[in-house]
Amino acid sequence: MRVRFAPSPTGALHIGGIRTAICNYLLARRHNGVFILRIEDTDQNRYVPGAEAYIIESLKWCGLTPDEGPGFGGDYGPYRQSERMDIYREYAEDLIAKGEAYYAFDTPEELEAEREKAKTAGNHAWKYDAVSRETMRNSLTLSEAETRKWIDSGAAYVIRLKVPVGRTVHIRDEIRGDVHFQTEELDDKVMLKADGMPTYHLANVVDDHLMKITHVIRGEEWLPSTAHHVLLYQAFGWEDTMPVFAHLPLILKPDGKGKLSKRDGVRLGIPVFPISWKGETAEDSFTGFREAGFDPRALVNFLALLSWNPGTEQELFSREELIAAFSLDKVGKAGARFDIEKAKWFNQQYLLNSSPAELAALARPFLAEQGFQPDESYLQAVCGLMRERVTLLTDFGAEAAYFFGPVRHFDTASIAKKWNPGRKPALEDLGKRLAGQSEWKADSIKALVEAWVESSGVKFGEILPLFRLALAGTMKGPGVFEMMEVLGSATVQERWQFALDHFDQTGII
RNA sequence: GGCCCGUUCGUCUAGGGGUUAGGACGCGGGAUUUUCAUUCCCGAAACACGGGUUCGAUUCCCGUACGGGCUACCA
């Protein structure tokens, strides 16, 4: 099995593309096949520098490294279509030699005029087809000599597929079953553009054939043009090695109607790209799942389960489990709405199930962003405490900063509620006891506090919130004694003293 | 407009001629808990509609509605 992911480097690639890559990758791995990356950069107008690097970095971050592709080696390269120009021209000419295609000299303006004419005549969609090609300027209506003259004169021309009449094109789709198209409904698609570049249709079919692709797994938006692709395989005489087709349902907008688009992310304030993209303008810059604090394993798991489900109630899958369970016949037909809440739940589950060492590695970049470079064992200890209270990795910077630096923000409302000035002498006494504590472990600190509570008359439930506020500045967080153990004796004493000195004037802090 | 694809809780989905239509997210309630969270329990919530076929359709068929995709010298 040989499959390919074939994006166009026209900018950032959103999660719909990643989902397509995931399906291809999973299927390849499942069948010990080869996963190929092919860059479809045949549109010079839409080419965006940096987009290819972005695609590759995104795939790598998701753990979807290609087996073959630009920069990945492979015996079927080059894997960038812009480097295969000669091949396409050759095959386009071959099509003409076989009588399956023809030269067309109509200018874009002339085509536009035809469309306008049809429109005013009440015909919604004019197309260059078996009927209209009879009246257009092409090698079918021109004599051979005239055609030669046009070409030799340097006039711009395209090569169009000569779609046959009266045939039914049969497509066998692994996900949708049998789909049929009547050739009368199909237009004579351009194969080779005036700039010498092939269109998607030609390049795609030629490359899939040359690269020995066995399964074409792509988005549903390609289903209508698959009829042309089948016609092309037939025209080239490649029918017996035509790949299997599978058209994946689309990922839909979180709200409203239609397929997910780039703009939905900024509009709703949620990531829709794997990693951040810095475009020329602010409008063309987007935050990625990576930067938003997602674990790539969670993203892949979430995306894999969009429109696919093995029929069990399992939702959390390791990479190996995904590979073992994935199959095209379990892919649904209907589009799936992108739900960021569910994506967050997956992330929370992955963080919760990570070891302290794994979590530390994931969290470190986000702490570094805040200027924190904690010692590894200390970080892991914090991760052990935060594991079940983080959803996104950005939560570390937002909710655990007091582990790595001074308390930045005090919940003054809670302090006002819990602080009792009359207790100050007693609390100072408790501070001294703490300073004298030799074994700095959660259990023993707790025992000390409990013993002190016995003798002081201050209630346990009265003292804990104060510790929490003093150490973290907030009422939320891990168990107080675990927090103390991790923070260390010196820090605890220091913050306790600070609290006793300042909690009287909560407004000032 | 034409062609093509689709339609089970708000969302992701399982199921499939006879089921109390299952699970998950989210939401509401409760239990545990020193806070928050985790964990556990409970709850509300769905087969688009109309015809067939059938003893019986959510499930099969046909329509309709609705949604989506495509309809470029873009992919």
Side-chain angles (χ1 to χ4, degrees), chain A residues 6-10 40-43 45-46 104 106-108 111-112 115 119 122-128 156-160 171 173 175-177 179-182 184-187 189-201 203-204 218-227 247 249-250 252 254-255 257-259 302 305-316 330 332-346 348 352 385-391 399 414 418 446 449 460-465 467-469 472 474-481 483:
Chain A
S8 286
T10 54
E40 308 227 332
D41 54 348
T42 57
D43 186 349
N45 301 318
R46 294 215 302 160
D106 319 278
T107 65
L111 294 175
E112 190 45 45
R115 289 199 183 89
K119 209 173 188 177
N123 187 351
H124 258 263
W126 177 86
K127 60 184 193 294
Y128 208 119
Y157 67 88
V158 301
I159 292 179
R160 284 181 183 272
I171 297 167
D173 187 282
I175 293 171
R176 277 148 229 285
V179 182
H180 304 272
F181 290 90
Q182 300 304 320
E184 287 65 38
E185 296 153 5
L186 274 23
D187 66 333
K189 286 239 178 299
V190 169
M191 297 287 106
L192 204 69
K193 299 184 263 187
D195 64 2
M197 285 292 218
T199 56
Y200 171 89
H201 311 289
N204 197 260
R218 79 234 290 197
E220 193 185 355
E221 69 268 31
W222 294 108
L223 188 52
S225 56
T226 305
H247 291 91
L250 267 16
L252 277 14
D255 64 335
K257 311 171 191 311
K259 64 173 176 179
F302 165 69
L305 247 37
L306 241 35
S307 292
W308 171 79
N309 171 302
T312 65
E313 288 182 353
Q314 183 179 358
E315 298 213 78
L316 262 13
K330 290 287 187 185
K333 297 177 173 72
R337 211 175 268 265
F338 169 56
D339 180 7
I340 189 71
E341 290 306 321
K342 186 96 183 205
K344 280 181 178 170
W345 176 77
F346 272 99
Q348 185 260 116
L352 178 63
L385 297 184
M386 292 306 291
R387 187 162 55 170
E388 58 197 33
R389 17 201 145 233
V390 285
T391 296
E399 287 172 31
S414 292
K418 304 291 183 184
K446 187 179 182 196
V449 173
F460 195 65
E462 197 180 335
I463 204 78
L464 286 180
F467 270 131
R468 192 171 285 293
L469 259 4
T474 165
M475 288 298 289
K476 301 201 305 184
V480 164
F481 301 108
M483 211 154 76

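Each chain gets a letter, A, B and so on, in the order the sequences are listed, and its residues count up from 1. In what follows, every heavy atom counts, from backbone to side chain, and hydrogens, waters and symmetry copies are set aside.
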If the condition is salt bridge (charged side-chain N to carboxylate O under 4.0 Å, His left out), which residues does A:E185 pass it with, not counting sequence neighbours?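 With neighbours one apart ignored, the set is empty.
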
Not counting sequence neighbours, which residues clear salt bridge (charged side-chain N to carboxylate O under 4.0 Å, His left out) with A:K259? List them please.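 Partners of A:K259 by the salt bridge (charged side-chain N to carboxylate O under 4.0 Å, His left out) criterion come out as none, since no residue qualifies.
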
Nearest whole angstrom, please: distance from the [atom2] of [N] to the [atom1] of [X].
| X | N | atom1 | atom2 | result |
| --- | --- | --- | --- | --- |
| A:F346 | B:rA24 | CZ | C1' | 8 Å |
| A:L305 | B:rA24 | CG | P | 14 Å |
| A:D339 | B:rU11 | CG | C1' | 5 Å |
| A:K333 | B:rG6 | NZ | P | 6 Å |
| A:R468 | B:rU34 | CZ | P | 11 Å |
| A:N123 | B:rC3 | CG | P | 13 Å |
| A:L352 | B:rU39 | CG | C1' | 10 Å |

Measuring from the side chain of A:L464 (C-beta onward, heavy atoms only), which nucleotide among B:rG1, B:rU34, B:rC5 has the closest atom?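 Nearest listed nucleotide: B:rU34.
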
Once you apply a heavy-atom cut-off of 4.0 Å, does [X] come out as touching a base, just sugar-phosphate, or nothing?
| X | answer |
| --- | --- |
| A:R176 | sugar-phosphate |
| A:L186 | nothing |
| A:G461 | nothing |
| A:F181 | sugar-phosphate |
| A:P254 | nothing |
| A:H180 | sugar-phosphate |
| A:K446 | nothing |

Below 4.0 Å: OP1/OP2 of B:rG15 and any side-chain N or O of A:K330: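 Result: yes.
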
Pick the C1' atom in B:rU8 and in B:rC66, then give their distance to the nearest Å.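 To the nearest whole Å, 16 Å.
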
Spell out yes or no: do the side chain of A:R337 and the base of B:rC12 have one donor N/O and one acceptor N/O closer than 3.5 Å?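 Checked by distance alone, the answer is no.
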
Going from CZ on A:R176 to CD1 on A:I171, what distance comes out if it is rounded to the nearest 0.5 angstrom?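 If we round to the nearest 0.5 Å, A:R176:CZ and A:I171:CD1 are 11.5 Å apart.
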
What does nucleotides 68-75 of chain B look like as a protein-contact string, B for base, S for sugar-phosphate only, - for none, at under 4.0 angstrom between heavy atoms? SBS--BBB

